[in-house]
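Beneath this line is the structure, given in structure tokens, with notes to follow.
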There are 2 protein chains.
Amino acid sequence: MNRKEQIEQTAISLFRTQGFAATSMRTLAQSLGMEAASIYAHIRSKEEILQKVCFRLADDFFTGFKNAVNKPGTVTEKLQAAIAEHVQVITENLAAATVFQTEWRHLSDPYLGQMIQLQAQYEAGFRELLITGQTNGEFELTDAHLTARALLASLNGIARWYNPEGKLTPTEIAANFSQLFLRGLIKDQISNS
Amino acid sequence: MNRKEQIEQTAISLFRTQGFAATSMRTLAQSLGMEAASIYAHIRSKEEILQKVCFRLADDFFTGFKNAVNKPGTVTEKLQAAIAEHVQVITENLAAATVFQTEWRHLSDPYLGQMIQLQAQYEAGFRELLITGQTNGEFELTDAHLTARALLASLNGIARWYNPEGKLTPTEIAANFSQLFLRGLIKDQISNS
DNA sequence: CCTACCGATCGGTAGG
DNA sequence: CCTACCGATCGGTAGG
């Protein structure tokens, strides 16, 4: 990891805990053991760090989603794969994913507009998967917009509680989410009747 | 609405769009048509506004949850009621709920610690409801912590997309969430077999 | 990567 | 609710 990557990693860690706006270049410099002015030998601006992390994460999420959708199988299986990919991206980039989710609005034009578009596209991907499953009879749902948003919000929430040293692995987390969203909470009463 | 309430409402609106740290008292003053120094005739500090909105919202959520749980009925019905109450609080306090969700970490001690506790308690309330339903055979779930967090994250996400002029009413949104989390996406195959 | 520094802005106070 | 102002801090540049 070269000095530029060190700066970015440290910045992401601070942005995560304090927020982008509340993190000063002097605090960042102190965490790195250097002067604030020296950081500018490696990066152009504070926002450049945020831009890089946001677009990298967005790219990771899209790559994961495309992998999931392009696999052969039922729509149910594709959705399960998309959930697993999304969980993987978050758990493997925990600090960066948190910063992406909570700080992207501090981007300036034109990056802000691009980010909004990318997020709308990603959500649309899930929504279309849901509609495909609805059309072919695999799924039953009332509102694809609401359902896609509910699923994505709960998946993104993982970044707020996932603990790499906890008892749940990313794979187990993904399996639990798939179970929850596909089967729901209500216990099957068939075997009892 | 007196001047103090006007200041708070305007601040909440700015905190929502720009974030707490990125909103200056001068910007707030300009939105109100007054000087920054004059605001301090009505409030003690910038953070005081954030404190007030966070604790008010937390109180609203707890009140709603207690209402839901104290109603007679099955655990399923109580969970449906808790979802409906949560949706109501968000949709009736859209800006304030968004600020609460995204800016509470900018509170200073001891308010920050209190807020963390309150959120843990609220989540525990949902988790215990889920476990009660699991114990009495209404629900089937693998991990109550994960399930409560998934449900709450998706409910909180409503604040990011709810449109008071949109086609979905808060009641409809709550019904869709209950349907999604209780029944899941998979279409019942019973009638086809 | 440092020293020295820029103009701008920050939350907030004094005094009226 | 205003004018006048405080010390502190901001992101960033110049020059080495």
Side-chain angles (χ1 to χ4, degrees), chain A residues 1-55 96 99-100 102-112 115, chain B residues 1-55 96 99-100 102-112 115:
Chain A
M1 196 157 75
N2 63 30
R3 200 66 171 137
K4 184 171 181 178
E5 288 166 344
Q6 277 180 39
I7 291 167
E8 288 167 352
Q9 282 306 309
T10 308
I12 288 164
S13 170
L14 289 170
F15 292 169
R16 183 191 183 192
T17 50
Q18 308 182 354
F20 175 78
T23 302
S24 75
M25 296 305 278
R26 281 157 181 84
T27 304
L28 172 58
Q30 204 168 28
S31 298
L32 289 157
M34 67 200 294
E35 293 300 317
S38 307
I39 296 175
Y40 291 90
H42 300 92
I43 61 152
R44 261 187 282 272
S45 69
K46 182 184 172 187
E47 194 190 314
E48 191 194 52
I49 304 175
L50 184 62
Q51 286 162 16
K52 203 167 169 182
V53 58
C54 286
F55 283 92
V99 171
F100 170 48
T102 59
E103 308 298 333
W104 62 267
R105 65 179 164 159
H106 290 109
L107 292 171
S108 58
D109 283 326
Y111 308 103
L112 181 63
M115 213 61 249
Chain B
M1 196 157 75
N2 63 29
R3 200 66 171 138
K4 184 170 182 178
E5 287 167 344
Q6 277 179 39
I7 291 168
E8 288 167 352
Q9 283 304 309
T10 308
I12 288 165
S13 171
L14 289 170
F15 292 168
R16 183 193 184 190
T17 51
Q18 307 181 354
F20 175 78
T23 303
S24 74
M25 296 304 278
R26 282 156 181 84
T27 304
L28 172 57
Q30 202 168 30
S31 297
L32 289 157
M34 67 200 294
E35 293 301 316
S38 307
I39 296 175
Y40 291 90
H42 301 92
I43 61 153
R44 261 187 283 271
S45 69
K46 183 184 171 186
E47 195 191 311
E48 190 193 52
I49 304 174
L50 185 61
Q51 287 162 15
K52 203 167 169 183
V53 58
C54 286
F55 283 91
V99 170
F100 170 48
T102 60
E103 309 297 333
W104 62 268
R105 63 179 166 158
H106 289 110
L107 292 171
S108 57
D109 283 326
Y111 307 105
L112 182 62
M115 212 61 250

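Quick note on labels: first sequence line is chain A, next is B, and so on, each numbered from 1. Remember, predicted model here, so these are calculated numbers, not experimental data.
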Secondary-structure string, 5' to 3', Watson-Crick or G-U under 3.5 Å, | for another-strand partners, for DNA chain C: ||||||||||||||||
Opening and closing nucleotides of DNA chain D in contact with chain A, under 4.0 Å to non-hydrogen atoms: dC10(D) to dT13(D)
Thr23(A) side, atom OG1; Lys46(A) side, atom NZ - distance, nearest 0.5 Å: 6.0 Å
Within 6.0 angstrom of Phe55(A) CZ, more than 12 heavy atoms from elsewhere: yes
Partner set under ring-ring contact (aromatic ring centres under 6.0 Å, His included) for Phe20(B), not counting sequence neighbours: Phe15(B), His106(B)
Side chains of Thr102(B) and Thr102(A) in contact at under 4.5 Å (non-hydrogen atoms): no
DNA chain C-proximal residues of residues 2-10 of chain B, any heavy atom under 4.0 Å: none
Side chain to side chain donor-acceptor pair (under 3.5 Å) partners for Glu48(B), two or more places apart: Arg44(B)
Near-strand residues of residues 14-26 of chain A, defined as heavy-atom separation under 4.0 angstrom from DNA chain C: none
Under the side-chain contact (heavy atoms from CB on, under 4.5 Å) test, residues paired with Asn2(B) that sit two or more places apart: Lys4(B), Glu5(B)
Gap separating the CD1 atom of Ile39(B) from the OG1 atom of Thr10(B), nearest 0.5 angstrom: 9.0 Å
Shortest non-hydrogen contact from His42(B) toward Ser38(B): ND1-O, 3.7 Å
Heavy-atom closest pair, residues Ser45(B) and Tyr40(B): CA-CE2, 4.1 Å
Sequence-distant partners of Gln6(A), side chain to side chain donor-acceptor pair (under 3.5 Å), two or more places apart: Arg3(A)
Gln9(B): partners by side chain to side chain donor-acceptor pair (under 3.5 Å), with sequence neighbours left out: none
Side-chain touch Phe100(B)/Leu50(B), heavy atoms, less than 4.5 angstrom: no
Donor-acceptor pair, side chain of Glu47(A) and main chain of Ser108(A), under 3.5 angstrom: yes
Contact residues, residues 27-51 of chain B to DNA chain C [heavy atom, < 4.0 Å]: Ala37(B), Tyr40(B), Ser45(B), Lys46(B)
Please output the side-chain donor-acceptor pairs of residues 24-34 of chain A that fall under 3.5 Å, not counting sequence neighbours, one pair per line with the distance.
| from | atom 1 | to | atom 2 | distance (Å) |
| --- | --- | --- | --- | --- |
| Ser24(A) | OG | Arg26(A) | N | 3.4 |
| Ser24(A) | OG | Thr27(A) | N | 3.0 |
| Ser24(A) | OG | Thr27(A) | OG1 | 2.9 |
| Ser31(A) | OG | Thr27(A) | O | 3.2 |

Lys52(A): partners by side chain to side chain donor-acceptor pair (under 3.5 Å), with sequence neighbours left out: Glu8(A)
